[in-house]
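Everything below concerns the one structure shown next.
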Amino acid sequence: MRELSIDFDYFMYIVRQQMDGISIALFVKMSIIAVAAIFILIQMYERLLGGKISDNKKQAFVLMAVYACFIFQIAFYRRIGTERVGINTRIYLGLRRWDGSIDAKQVVYSFLNVVFFIPWGFLLAWAMNGNVRRIVMTIVYSFLTSLSIETIQFLTRTGASEVTDLLTNVSGGFIGCLIYIFICSVSSSRSNRKGRK
């Protein structure tokens, strides 16, 4: 039990380290601007092009804009001037080191990268129709989002670009999509049962 406590403490230490340097004030300002920009784009699309976006999709887009601001805080803002730069093409989740031991720090980082993209995958799935399309497009958009982050981190010298991050981020997006599909199917089956009564 003590080992579990130490592992949890270490996990929380890494989480706090990853959250260090985040500006709540900047996040709020960016979120307000991003939400306003989304509303303007939606209005332009509906009025100028005559399209109609459902309220459900509008909500997903707004939450995606806010979460994108959070991604900016985690991936770029807090790292300015503090990160190593480079490109690492090796997939390394920390589960096996050369001596067969586990690299706890890398395992936690990999896990956090997956968790980091679960809300993104959930919101992407929310903004789309059809389960097959949801899954395929969530994987594609998660990959493109992660690739953009890795490229910008390299160009702005705010982090190392790693293939491992692409893999873990896309996995998180996929899990988020599956969670959305599961919630929808449970909700739909409950609605059907109520309708039969």
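None of these values were measured; they are calculated from a predicted model. Index from 1, following the sequence. The basis for the numbers below is simple: all heavy atoms, side chains too, and nothing from hydrogens, waters or symmetry mates.
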side-chain contact (heavy atoms from CB on, under 4.5 Å) between Q59 and W126, worked out: CA-CA 9 Å; Q59 292 167 1; W126 186 4; 3.5 Å; yes

Approximate separation, where rounding is to 0.5 Å, of I32 CD1 and C69 SG: 10.0 Å

Point-to-point distance, once rounded to the nearest 0.5 Å, from OG of S31 to CG of L63: 10.5 Å

Side-chain donor or acceptor of E150 paired with backbone N/O of L166 under 3.5 Å: no

4.5 Å side-chain heavy-atom contact, K57 and N129: yes

Co-membership, hydrophobic cluster, residues I33 and Y67, 4.5 Å side-chain: no

T164 OG1 to N169 CG distance, which is reported to the nearest 0.5 Å: 10.5 Å

Minimum heavy-atom distance between A60 and L123, given as atom pair plus value: CB-O, 4.0 Å

Gap between atom CG of L144 and atom CD1 of I149 - 0.5 Å precision: 11.0 Å

side-chain contact (heavy atoms from CB on, under 4.5 Å) evaluation trace for L124 with M137: CA-CA 8 Å; L124 285 168; M137 295 313 291; over 6 Å; no

Shared hydrophobic cluster, F39 / L41 (ILVMFWY, side-chain heavy atoms < 4.5 Å): no

Rounded distance (nearest 0.5 Å) linking atom SG of C177 with atom CG of N131: 7.5 Å

Summary of salt bridge (Lys or Arg N to Asp or Glu O under 4.0 Å) pairs that have at least one residue in residues 122-141, sequence neighbours excluded: none

T138 side, atom OG1; F117 side, atom CZ - distance, nearest 0.5 Å: 11.5 Å

Nearest heavy atoms of A75 and Q153, plus distance in Å: O-NE2, 2.9 Å

Heavy-atom neighbours of Y141 OH exceed 12 at 6.0 Å: no

Parallel, tilted or perpendicular: rings of F122 and Y180 (30°, 60°): perpendicular

Under 4.5 Å side-chain linkage, directly or through intermediates, the cluster mates of I40: M44, L48

Any donor-acceptor N or O pair under 3.5 Å, side chains T145, W120: yes

Main-chain N/O of D165 paired to T168 side chain as donor or acceptor, under 3.5 Å: yes

Parallel, tilted or perpendicular: ring planes of F27 versus F70, cut at 30 and 60 degrees: perpendicular

N/O donor-acceptor pair under 3.5 Å between S187 side chain and I183 backbone: no

Donor-acceptor under 3.5 Å (S146 side chain, F143 main chain): no

Contact list for residues 32-53, test salt bridge (Lys or Arg N to Asp or Glu O under 4.0 Å), sequence neighbours left out: E46-K52, E46-K58

